[in-house]
There are 2 protein chains.
Amino acid sequence: MAIGLYLTYQEVGLVIAAQGNTAEKLVDGARQLIMLGGYNGFSYADLAQRYGIRKPSIHHHFPSKVDLVVAVVEQGRARIREQIAALEDSSPAAMDQLRMYTGYWERCIKDQSAPFCLAGVLAAELPSLPDQIATAVRGHFADLAEWLRNVLALGTHQGTMRLETSPEMEAENFMAAVYGAMLVARAFDDPDRFASIVESLISRIRVAEPQGR
Amino acid sequence: MAIGLYLTYQEVGLVIAAQGNTAEKLVDGARQLIMLGGYNGFSYADLAQRYGIRKPSIHHHFPSKVDLVVAVVEQGRARIREQIAALEDSSPAAMDQLRMYTGYWERCIKDQSAPFCLAGVLAAELPSLPDQIATAVRGHFADLAEWLRNVLALGTHQGTMRLETSPEMEAENFMAAVYGAMLVARAFDDPDRFASIVESLISRIRVAEPQGR
DNA sequence: CGGCACCTACCTACTGATAGGTAGTCCACT
DNA sequence: AGTGGACTACCTATCAGTAGGTAGGTGCCG
């Protein structure tokens with residue numbers, strides 16, 4: 001993502017120039033802020049300041065905060081769908097796909113570009129979220145569980161993974177461990193914790209390769 | 001906990017009468033509300049309405065919201081320390097202690113009395129929390145990791161657990177899985193998900209008992 | 001024993017700031 | 001000429017927090 005800095009005409013402060021049109025910028029900014037503090041942890045005023053526009057201009061693009069946050073979650077789901085499609089094209093090996101998924105988060109957490117899954121933060125406060133947002137968040141987890149289930153089943157079929165129970169169960173175990181690892185990494189402020197937890201997670205599933213490799 | 005209902009003299013509404021003095025009630029109420037929606041998900045006004053007192057009366061007990069939430073987290077840590085001490089007295093078997101820990105959460109999630117660990121919700125929004133609260137939350141995770149490490153080491157020593165790596169690593173894996181299981185249970189609105197994830201988690205650690213039992 | 005000092009626990013009334021949101025205007029570009 | 005995208009100005013509600021006061025209890029001193 002291209003990040004630039006410039007000064008607004010009305011206040012001397014840093015304003016982030018993301019690529020794309022304003023609506024896309026706002027979604028991106030909201031995503032980043034939600035990752036830091038959840039739904040109630042940011043305001044339209046925060047976004048307005050961030051991009052050097054006025055608060056009502058945000059309402060022009062997203063009439064209500066719920067609209068904006070739903071857009072953020074749905075954009076995330078759409079991107080994941082794209083990524084999955086690209087993943088399946090680039091590598092038919094289930095273990096590689098799984099590695100790419102965890103590797104993506106490892107990098108994001110390490111460079112702090114996305115220190116937590118957006119849906120994970122929102123899931124923590126699910127009971128207090130507006131229905132539309134809650135539905136979108138639950139949808140994300142359903143998507144992810146389905147994909148993981150498919151990948152684990154494929155890996156078993158390809159002989160590169162060995163599961164102790166069903167792909168359904170193992171997918172939930174895996175998902176829980178990954179999100180828990182994000183939480184632990186955040187709680188200990190240590191990205192390496194995420195990597196090490198995920199590593200032992202994968203080593204438990206992976207079928208040892210023949211020694212000659 | 002004794003829960004009673006009565007009408008306030010000034011407004012016809014349901015008011016929760018928790019046991020103990022007002023300060024204790026407030027801590028308990030804040031704990032419940034935080035579990036639902038995090039730090040920014042509740043207000044002094046919510047608590048005031050809940051217990052039929054005025055907002056400034058809460059400031060009398062807890063000058064600032066930070067004070068209140070720190071008290072909530074620290075009370076939680078203190079209770080856990082008590083529970084751990086009681087646990088070690090009641091059963092010297094590490095596997096029983098671990099079972100009691102997960103069983104506690106299983107019950108809480110199932111009956112919705114505590115559908116999520118307080119510190120877990122706060123950890124999700126850690127970067128945006130006031131320092132004092134963040135410190136207390138990190139402290140909780142440090143406490144828990146230490147206890148788990150000790151229990152796992154003890155279990156290995158007692159021959160009832162078998163770890164694939166070090167107690168330190170396995171404690172973090174276990175902790176991540178438990179918190180991830182809470183998140184998954186919340187995301188799918190299904191307490192059974194927590195139980196099943198934890199079950200396979202424990203079965204991986206447990207040394208199979210002799211068949212005669 | 002009376003009376004005063006001090007305390008806890010609450011109250012009313014209020015503050016400045018901020019929340020999300022609305023109405024109406026302006027302007028540049030097609 | 002219409003439209004999208006921004007603006008100014010404003011709204012009401014709520015936020016955390018403050019000022020100042022009251023009722024009732026406790027303890028101490030004379």
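A, B, ... follow the sequence lines: proteins, then strands. Residue 1 opens every chain. Note: hydrogens, waters and symmetry copies are ignored here, and every other heavy atom, side chains too, is used. As the structure is a computational prediction, the values presented were derived from the model and not from experiment.
Among the nucleotides C:dG21, D:dA16, C:dC11, the one closest to the side chain of A:Lys55 is C:dG21. Side-chain atoms of B:Ser43 lie closest to D:dA16 of the nucleotides D:dA19, C:dG21, D:dA16. For B:Thr22, counting side-chain heavy atoms from C-beta on, the closest listed nucleotide (C:dC10, C:dC11, D:dG5) is C:dC10. For B:His60, counting side-chain heavy atoms from C-beta on, the closest listed nucleotide (C:dT8, C:dC11, D:dT8) is C:dT8. Taking only side-chain atoms of A:Tyr44, from C-beta outward, the nucleotide of D:dC7, C:dG21, D:dA16 with the closest atom is C:dG21. Between D:dA19, D:dC15, C:dA19, one nucleotide has an atom nearer to the side chain of B:Ala45 than all others, and that is D:dC15. Of all nucleotides listed (C:dC11, C:dA19, D:dC7), D:dC7 comes nearest to the side chain of A:Ile53. In the set D:dC7, D:dG17, C:dG21, the nucleotide with an atom closest to the side chain of B:Lys65 is D:dG17.
For B:Phe62 and A:Ala23, each mapped to the nucleotide of DNA chain D holding its nearest heavy atom, the one lying further toward the 5' end belongs to A:Ala23. Nearest-nucleotide mapping onto DNA chain D: of B:Pro63 and A:Pro56, the residue sitting toward the 5' end is A:Pro56.
For B:His61 and C:dT8, the shortest distance from a side-chain N or O to OP1 or OP2 is not below 4.0 Å.
For the residue pair B:Arg50 / B:Gln32, a side-chain donor-acceptor distance below 3.5 Å is found, with atom types taken as modelled.
Between A:Asp190 and A:Arg193, at least one side-chain nitrogen of the basic residue sits less than 4.0 Å from a carboxylate oxygen of the acidic one, meeting the salt-bridge criterion.
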